[in-house]
Visitor: 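A single structure is presented below for examination.
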Amino acid sequence: MKKHILNFILICFAVQVSFAANFSEYAVIKGTVSIPDFKAKEVTLYNVEEGKPAVAATAKVNTLGEFGFMIPVSAAGFYYVDYGQMKSRNQLIRLYLEPKLDISLLINKENYVLSGKNVGQNVLVQKANEIYNEFAPFSRLGTNITYVDFYPWIDKGVAKANEFSKSIKTKDAAFDKLLKLAVATDVEELTYTFFRMPRSAFPDKDDRPAVIKTWQTDKKFTDADLLKLQNGLSLMSNYFFYVTMNSGDAPKRLDLAEAITHITEPALKDVYLRDAVATSRMKIEEYEKIAPSIKPYMISDASKTFLIEYEKVLHKNVGQKGLEFTYNDINDKPVSFSDFKGKFVYIDLWATWCGPCKAEIPHMKKIEEDYHGKNIVFVSLSLDKPKDAQKWKDFVTKEQLKGIQLMADKDFGSDVAKNYDVNAIPRFLLFDTKGNIINADALRPSNPELRVQLDKLLKG
């Protein structure tokens, strides 16, 4: 009796919908999650917006593991079923939805059984999903599969994907093109992701699968249909990350102006740049330097709105009065922020236990030395725990640290950390001669652009 409840609900819903819209505009998906020792509470159906998954609908899962969707489909395209497995790449359930489809899914731990009155092109899509699932374990966190396993396999995997793509020959040319693009994107995006995963064994820098070189071209991204795939944007991001990290003698920061020269399609440039800026964690100075070369390509209404809000947040603290604080130096003498009025102030928030902080110390020493006697003061403000005060003093003495050396009173609970929303270090702050904020997330001493900025400030 219970097994028929879901179908009954769907039928009733269909009857109600028919009063408001034509049923032929809808696709129906019924499914059962049948995985031992796993109870799914909710299933999410994603569609694609600008190369990323976007929630289209959610459905509760009943005690029998059953769920259902009746979804309006204005244009045919890919949708993705997620019962909690998508983030971990455990199984791809991608469907190509069109109006009038009636699909049933029996979802097991590693695969799914497809059936229904009208499954459309989804038998072919399922074969594409299986290829994705063969690549996915190499790009999954926690598996620790290294290049020793991946390299011998990749040629076979790519060959299988290419052979499958050649077999895609339906009467729907638009579908064929999109599915071929999806297969190629899956293979390439997962391969680049492999090189971003933490491993226990690493190949030599120049030891890379030969197929990767065939993927790298001057005009890489030309097809706007990439934005119809849930991993379209991540392919672009992972591609440019890989190229940046593996070109030249040493890794370098991604140059957005350079990256977009390899994207010929305007819509792809627009979406890629918006995402790249949003996730880049650029400093104000870095953004202002790159903005003139990228903003002409951020032409959509979404990008224009994004830039207004992004710049507003980026500059929200500029010109505001800096926090007045008083902390002790290594001789337990109180030093206040107001003591530096009339000078530019550069503050390094750090701790003795912080490896990246200590990596900046030689650069900090050098910049203090080079700017000694100029109208700027360098303050190193420790966020070590109060119980480690002597450890901090010993470190300062042993390393012969220069400038003003202070220690906050309550580590990350101190006023200075809370006022500037400091939840990770090193962090650098820059103030003008009136004690107002120039940048509450300033450039690091190791960044050559800091000297350019300081020289400009000191020249007035």
Side-chain angles (χ1 to χ4, degrees), residues 48-54 185 189 192 216-245 247-248 251-320 421 427-430 432 436-444 446-457 459:
V48 181
E49 292 181 4
E50 297 188 320
K52 295 191 295 186
T185 298
E189 193 267 337
Y192 290 129
Q216 296 176 11
T217 63
D218 290 338
K219 302 301 180 184
K220 174 67 178 173
F221 298 109
T222 62
D223 192 345
D225 278 354
L226 202 60
L227 300 180
K228 297 179 180 179
L229 309 177
Q230 61 93 16
N231 53 355
L233 179 57
S234 62
L235 169 62
M236 291 191 285
S237 298
N238 285 346
Y239 174 82
F240 288 123
F241 181 88
Y242 176 88
V243 170
T244 300
M245 297 299 290
S247 61
K252 58 183 181 180
R253 188 177 180 91
L254 176 62
D255 184 343
L256 295 182
E258 166 63 21
I260 58 171
T261 64
H262 301 287
I263 306 175
T264 59
E265 166 58 43
L268 294 180
K269 287 186 190 241
D270 180 87
V271 171
Y272 170 74
L273 285 172
R274 191 189 325 147
D275 179 75
V277 171
T279 58
S280 66
R281 299 178 64 185
M282 283 189 283
K283 312 299 184 188
I284 295 173
E285 298 78 14
E286 293 172 311
Y287 172 74
E288 290 180 342
K289 187 175 182 179
I290 193 69
S293 60
I294 64 174
K295 289 175 76 170
Y297 301 101
M298 302 178 73
I299 55 179
S300 68
D301 289 342
S303 285
K304 291 175 181 177
T305 300
F306 163 77
L307 285 173
I308 290 172
E309 293 303 314
Y310 178 80
E311 292 178 1
K312 186 187 301 182
V313 171
L314 198 64
H315 293 86
K316 69 177 181 180
N317 293 319
V318 175
Q320 293 184 19
D421 295 323
R427 175 78 170 271
F428 300 88
L429 314 172
L430 182 60
D432 66 18
N436 296 328
I437 297 171
I438 295 176
N439 196 336
D441 190 9
L443 298 169
R444 295 187 178 198
S446 58
N447 191 328
E449 291 296 323
L450 176 61
R451 289 173 179 268
V452 175
Q453 181 184 23
L454 296 184
D455 289 343
K456 185 177 179 181
L457 290 172
K459 288 178 182 179

Visitor: Under a 4.0 Å threshold between the charged nitrogen and the carboxylate oxygen, would Glu449 count as salt-bridged to Lys289?
Guide: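 A salt bridge links Lys289 with Glu449.
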Visitor: Under a 4.5 Å cut-off applied to non-hydrogen side-chain atoms, are Ser303 and Leu273 in contact?
Guide: no
Visitor: If you take all heavy atoms of Ala257 and Ser293, which pair is closest and at what distance?
Guide: CB-OG, 3.7 Å
Visitor: Using 30° and 60° as the class limits, which term best fits the ring planes of Tyr272 and Phe240: parallel, tilted or perpendicular?
Guide: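 Answer is tilted, since the angle falls between 30° and 60°.
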Visitor: Quick one about His315 and Glu288 (side-chain donor to acceptor, distance below 3.5 Å, no hydrogens or angles considered), yes or no?
Guide: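 Their side chains do contain a donor-acceptor pair, which is all the 3.5 Å distance test asks for.
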Visitor: Considering non-hydrogen atoms only, spot the tightest contact between Gln230 and Pro53 and give its length.
Guide: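 Minimum heavy-atom contact is O-CD, 3.4 Å.
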Visitor: So which atom in His262 and which in Asp218 form the shortest heavy-atom distance, rounded to 0.1 Å?
Guide: ND1-O, 2.7 Å
Visitor: Within the 4.5 Å heavy-atom criterion, are Tyr297 and Ile263 side-chain neighbours or not?
Guide: no
Visitor: Would you compute the distance between atom CD1 of Ile437 and atom CG of Leu429 and round it to the nearest 0.5 angstrom?
Guide: 8.0 Å
Visitor: Report the residue from Ile438, Ile284, Asp432, Asn439 that forms a side-chain contact (heavy atoms from CB on, under 4.5 Å) with Val318.
Guide: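 Testing each of Ile438, Ile284, Asp432, Asn439 against Val318, the sole residue satisfying side-chain contact (heavy atoms from CB on, under 4.5 Å) is Ile284.
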Visitor: More than 12 non-hydrogen atoms from neighbouring residues, nucleotides or ligands closer than 6.0 Å to NZ on Lys220, yes or no?
Guide: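 Yes, NZ of Lys220 has more than 12 neighbouring heavy atoms, counting only those of other groups under 6.0 Å.
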Visitor: Show the nearest heavy-atom pair for residues Glu189 and Asn238, with the distance to one decimal.
Guide: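 Heavy atoms only, the tightest pair is OE2-ND2, 3.1 Å.
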Visitor: Run the side-chain contact (heavy atoms from CB on, under 4.5 Å) test on Leu430 and Leu457 for me, step by step, so that the C-alpha distance in whole Å, both residues' side-chain angles and the decisive distance to 0.1 Å come before the verdict.
Guide: CA-CA 11 Å; Leu430 182 60; Leu457 290 172; 3.9 Å; yes
Visitor: Please report the shortest heavy-atom distance between Met298 and Lys304, naming the atom on each side.
Guide: O-CG, 4.1 Å
Visitor: Report the distance from atom CG of Asp455 to atom CG of Leu450, rounding to the nearest 0.5 Å.
Guide: 9.0 Å
Visitor: Is any side-chain heavy atom of Asp223 closer than 4.5 Å to one of Glu265?
Guide: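 No - every pair of side-chain heavy atoms lies 4.5 Å or more apart.
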Visitor: Answer yes if the side chains of Tyr287 and Glu311 hold a donor-acceptor pair under 3.5 Å, and no otherwise.
Guide: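 Present: a donor and an acceptor within the cut-off.
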Visitor: Distance check, rounded to the nearest 0.5 Å: Thr185 atom OG1 versus Tyr239 atom OH?
Guide: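 The OH atom of Tyr239 is 13.5 Å from OG1 of Thr185, to the nearest 0.5 Å.
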Visitor: Using atom types as modelled and distance alone, determine if a side-chain donor or acceptor of Ser280 lies under 3.5 Å from a backbone N or O of Val277.
Guide: yes
Visitor: Please determine if Asp270 and Arg274 form a salt bridge, counting it only when a charged side-chain N lies under 4.0 Å from a carboxylate O.
Guide: yes
Visitor: Identify the heavy atoms of Leu226 and Met236 that sit nearest to each other, and give their distance.
Guide: CD2-CG, 4.0 Å
Visitor: For the atom pair CE (Met282) and CG (Leu443), what is the distance rounded to the nearest 0.5 Å?
Guide: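 The CG atom of Leu443 is 12.0 Å from CE of Met282, to the nearest 0.5 Å.
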Visitor: So, taking the atom named CG in Leu314 and the one named NZ in Lys283, what distance separates them when rounded to the nearest 0.5 Å?
Guide: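 If we round to the nearest 0.5 Å, Leu314:CG and Lys283:NZ are 10.0 Å apart.
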Visitor: At what distance, to the nearest 0.5 angstrom, does CD of Glu286 lie from CD of Gln453?
Guide: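 It is 10.0 Å, given to the nearest 0.5 Å.
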Visitor: Are the side chains of Ile290 and Asp255 in touch, meaning some heavy atoms are under 4.5 Å apart?
Guide: yes
Visitor: Taking the six-membered ring for Trp, are Tyr192 and Tyr242 parallel (under 30°), tilted (30 to 60°) or perpendicular (over 60°)?
Guide: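 Tilted, since the angle between the ring planes falls between 30° and 60°.
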Visitor: Sub-3.5 Å donor-acceptor pair from the side chain of Lys269 to the main-chain atoms of Ile260, do we have one?
Guide: yes
